[in-house]
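This report refers to the structure that appears directly beneath it.
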Amino acid sequence: MANPDVVLLTKADCHLCAAARDAVGRVAAGLGLGWTEQSVDGNEALRDRYAEEIPVVLVDGIQRDFWKIDEARLERILRQAMAR
């Protein structure tokens with residue numbers, strides 16, 4: 001079983017980011033996985049790519065969700081990634 005790389009992209013003054021942190025944290029903890037948060041502030045390439053979609057969840061570098069994080073879908077995606 002491989003542990004997927006889970007990254008939550010956020011930015012300052014983002015009202016959806018706190019809820020996304022909670023959602024990703026709950027799902028990852030339930031599966032025994034770690035995750036990281038990365039701000040797009042100060043990273044022009046990320047800010048340009050994801051500007052209108054923050055917060056964004058990346059799993060193994062692939063965008064899997066944005067704005068309001070669907071915990072059931074994220075759990076399903078992470079379980080599939082772990083099974084590979």
Side-chain angles (χ1 to χ4, degrees):
M1 253 191 237
N3 282 343
D5 180 38
V6 181
V7 178
L8 175 63
L9 300 177
T10 60
K11 65 181 179 181
D13 300 320
C14 167
H15 68 281
L16 297 174
C17 293
R21 275 185 207 99
D22 291 343
V24 172
R26 276 190 298 273
V27 173
L31 296 172
L33 296 173
W35 61 282
T36 59
E37 180 175 340
Q38 182 175 355
S39 175
V40 299
D41 298 326
N43 185 321
E44 189 174 340
L46 286 177
R47 190 177 60 245
D48 289 348
R49 166 62 183 93
Y50 297 107
E52 300 301 320
E53 299 172 341
I54 297 297
V56 172
V57 175
L58 304 174
V59 176
D60 293 331
I62 299 169
Q63 182 176 338
R64 294 300 188 172
D65 215 345
F66 64 99
W67 293 338
K68 186 172 187 280
I69 307 307
D70 182 324
E71 291 184 44
R73 179 174 49 218
L74 180 58
E75 181 176 349
R76 186 174 56 253
I77 288 166
L78 293 176
R79 285 187 184 281
Q80 290 171 350
M82 291 168 66
R84 287 188 220 134

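On a predicted model such as this, the values are computed, not experimentally measured, just so you know.
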Counterpart residues, salt bridge (charged side-chain N to carboxylate O under 4.0 Å, His left out), relative to R47 (two or more places apart):
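Salt bridge (charged side-chain N to carboxylate O under 4.0 Å, His left out) check on R47 returns nothing, list empty.
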Excluding sequence neighbours, so at least two apart, what forms salt bridge (charged side-chain N to carboxylate O under 4.0 Å, His left out) with R79?
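Applying salt bridge (charged side-chain N to carboxylate O under 4.0 Å, His left out) to R79 gives E75.
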Any residue meeting side chain to side chain donor-acceptor pair (under 3.5 Å) with R26, in chain and number order, not counting sequence neighbours:
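Result, side chain to side chain donor-acceptor pair (under 3.5 Å) vs R26: E71.
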Under the side chain to side chain donor-acceptor pair (under 3.5 Å) rule, collect the residues that match up with T36, sequence neighbours excluded.
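Listed in chain order: nothing, the list is empty.
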Is there side-chain contact between F66 and V57, with heavy atoms separated by less than 4.5 Å?
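A side-chain contact under 4.5 Å is absent here.
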Can you check whether R73 reaches D65 side chain to side chain, under 4.5 Å on heavy atoms?
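They are in side-chain contact.
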Honestly curious: do V6 and I69 fall in one hydrophobic cluster under the side-chain, below-4.5 Å linking rule?
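Result: yes, single cluster for both.
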Determine whether I62 and I77 fall in the same hydrophobic cluster, where Ile, Leu, Val, Met, Phe, Trp and Tyr are linked whenever their side-chain heavy atoms lie under 4.5 Å apart.
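Different clusters.
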Which side-chain hydrogen bond (donor to acceptor under 3.5 Å, both in side chains) pairs, counting each pair once, include a residue from residues 5-16, with sequence neighbours left out?
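Sorted result for residues 5-16: T10-E37.
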Between D41 (side chain) and A12 (backbone), is there a donor-acceptor pair under 3.5 Å?
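Side chain of D41 to backbone of A12, a donor-acceptor pair under 3.5 Å: yes, one is there.
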Side-chain (W67) to main-chain (E52) donor-acceptor, under 3.5 angstrom:
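Flag set: sc W67 to bb E52 pair under 3.5 Å.
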Minimum heavy-atom distance A28-W35, with the two atoms named:
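A28 and W35 have their closest heavy atoms at CB-CD1, 3.6 Å.
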Might you point out which heavy atoms bring A81 and V59 nearest each other, and give the distance in Å?
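So the minimum-distance heavy-atom pair works out to CB-CG1, 4.5 Å.
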Not counting sequence neighbours, list each pair that qualifies as a disulfide (SG to SG under 2.5 Å) and has a residue in residues 4-84.
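Those involving residues 4-84 are C14-C17.
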Only pairs at least two apart or in different chains count here, so list each disulfide (SG to SG under 2.5 Å) that has a residue in residues 38-84.
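Passing the test, one end in residues 38-84: no pairs.
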Once side-chain contact (heavy atoms from CB on, under 4.5 Å) is applied, do any residues pair with L58, and if so which ones, sequence neighbours excluded?
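Scan of L58 (side-chain contact (heavy atoms from CB on, under 4.5 Å), adjacent residues dropped) gives V7, L9, Y50, V56, Q63.
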Rounded to the nearest 0.5 Å, how far does CG of L16 lie from CZ of R21?
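Going from CZ on R21 over to CG on L16, the span is 11.0 Å.
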Interatomic distance, L46 atom CG to Q38 atom CD [nearest 0.5 angstrom]:
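Rounded to the nearest 0.5 Å, the CG-CD separation comes to 5.0 Å.
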